[in-house]
Amino acid sequence: MIGPGFSATTVRTMRIQTTRARTGWWLVAVAVVVAAGLWVGSAAHGRSGNAARSEGARWLRDYLRIDTSNPPGREHRAAAFLADILHRERIPTRLLVTPDGRANLYARLPAHGEPVGGPLVLTHHMDVVPAGPGWSVEPFSGAVVDGRMWGRGAVDIKSLGIAQLATMVDLKRRGVSLARDLVFVGVADEETGGAQGMGWLIEQFPELFADVWAVYNEGGMGHAVGERVLWWEVEVAQKRPLWLRATTHGRGGHGSGFHPRSSVHKLIAGLDRLIAMPTQYRVTAPVRDFLGALAPYHGKRPKRIFSDLDRYIQPDGPTEPMLPGITNLFVDTIQVTVLEGSTAINVIPAEASALIDIRMLPDTDAEALLARVREALGERINVEVLVTSPPSPPSPRDHPAYRAIVTELGEIAPVVPSFMSGFTDSRHFRERGVPAYGLSPFALTAEDRMGIHSADEAISIERLDRGIERMIHIVETCVAR
Ligand SMILES: [Zn+2]
């Protein structure tokens, strides 16, 4: 459902573009759409952030009501919703639709006069993971209960998108003189790898991302207990994907047959060798920095381990017991997640396959790891690489875009350069040498964090409003003259 105030102009324009885009990539419609919305002057809005405060919650509610579960995504309605808000502020947008009809939205506020350098990019993904079972409220209702707004995407990551949107709008309304361009991007398809989102955008439209100064994306968060923020994590490095499909072939037939070397049996034997591969542990620089920075805020035992990792992490494993979430930071993980064979118990399939989700540390040699995986699976198994990403260094901490975060958030709690075991669209920038920071202006409690990719995802409206103000301050520090 699209929120109120959705303009007919936008609907019409978007429909035309989507239809054209389906006819082929060379016809991808890239139009600059300026809606004839009314200019809302800045006089009605006082201190920075106040204007967005009430609007922010309303925008998030409407955004949460648009079901962008991926698959299939259907981000075009989310793009239209965001574009409509931008158009009302006379901020032009470009809708970029993939040949498969997946919508990505791009907007740019130009610098006033000669820019001092490349643009700052604010990006978030418009898609969400499917709601799944177990919700106490309708997951696409944007319901507000006890001061918290509920809905799939409330934390991951539509709230961040609204904070970025509110920042664009606020700077425009107040007529802040910009020293560099400010770019807003809402992308499709992040939750299933980003091939139809940022991966596609940056490949097809490199000119839109030429000379980028820095990127703010998802991946960070504040850790709160009640009202107290313990620390802020700003993500500067992450693991990289190596997603594989392993396929075997063999003679198909009746399940009653004698066929010990069937496709399924060969696959199982190969996978068994794969998961028996010894795990190799090592400490990488971004993890050493991350846990070292976290150490002071932990109890005696973790503090001791975090500040002396090289002593406790040996190649064959940690010398002290650790939580799985921590162990994960020292290894390339290999998870067999999907198995496909016959659909009937009495049919031997001619083909069987497995999907394997491998997550590599930042400096892992992907070719060498792939060679080990192929060797373990054996030569009768065909291995295809679905998604991967080259190594990239962590984003620097001596960059003004990182310092601006520390200046704002550091007043509340210490800022820690973090490493994440998942991956985000930031990798597309880092692998091109562009600094990208996982920045969330929201402090989340354990309860808030539990909703991510799970039932009952919700964010406190008060935290949302405060976060929007922080985002505005951080971005203003980066782009204002
Ligand atoms: Zn996300």
Side-chain angles (χ1 to χ4, degrees), residues 59-60 63-64 66-75 78-79 81-82 102-105 121-132 139-140 142 149-165 184-202 215-223 232-241 243 325 328 357 359 387 389 395 418-430 436-444 446 448-459 463-464 467-468 471:
W59 288 343
L60 181 60
Y63 198 11
L64 292 177
I66 303 168
D67 180 353
T68 50
S69 298
N70 183 15
R74 287 193 296 257
E75 294 90 353
F81 165 75
L82 298 172
R102 302 293 287 277
N104 295 275
L105 185 74
V121 173
L122 310 177
T123 182
H124 81 289
H125 59 88
M126 300 182 290
D127 61 320
V128 295
V129 293
F140 297 100
M149 189 177 290
W150 297 49
R152 171 57 80 229
V155 181
D156 182 9
I157 201 70
K158 286 179 171 172
S159 49
L160 178 68
I162 291 301
Q164 296 174 345
L165 177 80
F184 171 86
V185 194
V187 296
D189 195 37
E190 194 276 339
E191 293 291 3
T192 55
Q196 302 278 323
M198 190 56 87
W200 177 81
L201 263 189
I202 213 162
V215 177
Y216 288 154
N217 183 24
E218 66 174 335
M221 76 169 62
H223 280 254
W232 297 94
E233 289 179 11
V234 176
E235 183 262 352
V236 295
Q238 58 187 235
K239 279 194 169 175
R240 302 140 50 207
W243 286 3
N328 192 10
D357 180 353
R359 306 298 178 103
V387 177
S389 184
S395 295
S418 74
F419 173 87
M420 72 186 289
S421 50
F423 66 87
T424 69
D425 283 333
S426 292
R427 71 190 193 280
H428 298 294
F429 293 97
R430 290 195 186 121
Y437 301 97
L439 163 65
S440 167
F442 307 118
L444 304 176
D448 296 330
R449 294 194 297 273
M450 246 152 55
I452 300 174
H453 288 216
S454 168
D456 289 348
E457 186 175 352
I459 189 166
R463 287 180 200 281
L464 174 79
I468 290 173
M471 193 77 192

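In listed order, ligands and their atoms are each counted from 1. As the structure is a computational prediction, the values presented were derived from the model and not from experiment.
- Phe442 has its ring centre no less than 6.0 Å from the ring centre of Trp232.
- Within a radius of less than 2.8 Å around the Zn ion (ligand 1), the protein N, O or S atoms are His125 NE2, Asp156 OD1, Glu218 OE1.
- The cationic group of Lys158 lies under 6.0 Å from the six-membered ring centre of Tyr63 and within 45° of the ring axis, placing it in a cation-pi geometry.
- Applying the salt bridge (charged side-chain N to carboxylate O under 4.0 Å, His left out) rule to Asp156 yields no partners; only residues at least two apart in sequence or on another chain are considered.
- Applying the salt bridge (charged side-chain N to carboxylate O under 4.0 Å, His left out) rule to Asp189 yields the partners Arg102; only residues at least two apart in sequence or on another chain are considered.
- Screening Thr123, Val121, Leu82 against Phe184 for a side chain to side chain contact (heavy atoms under 4.5 Å, CB included) leaves a single residue, Leu82.
- With sequence neighbours excluded, the residues satisfying salt bridge (charged side-chain N to carboxylate O under 4.0 Å, His left out) with Arg430 are Glu235.
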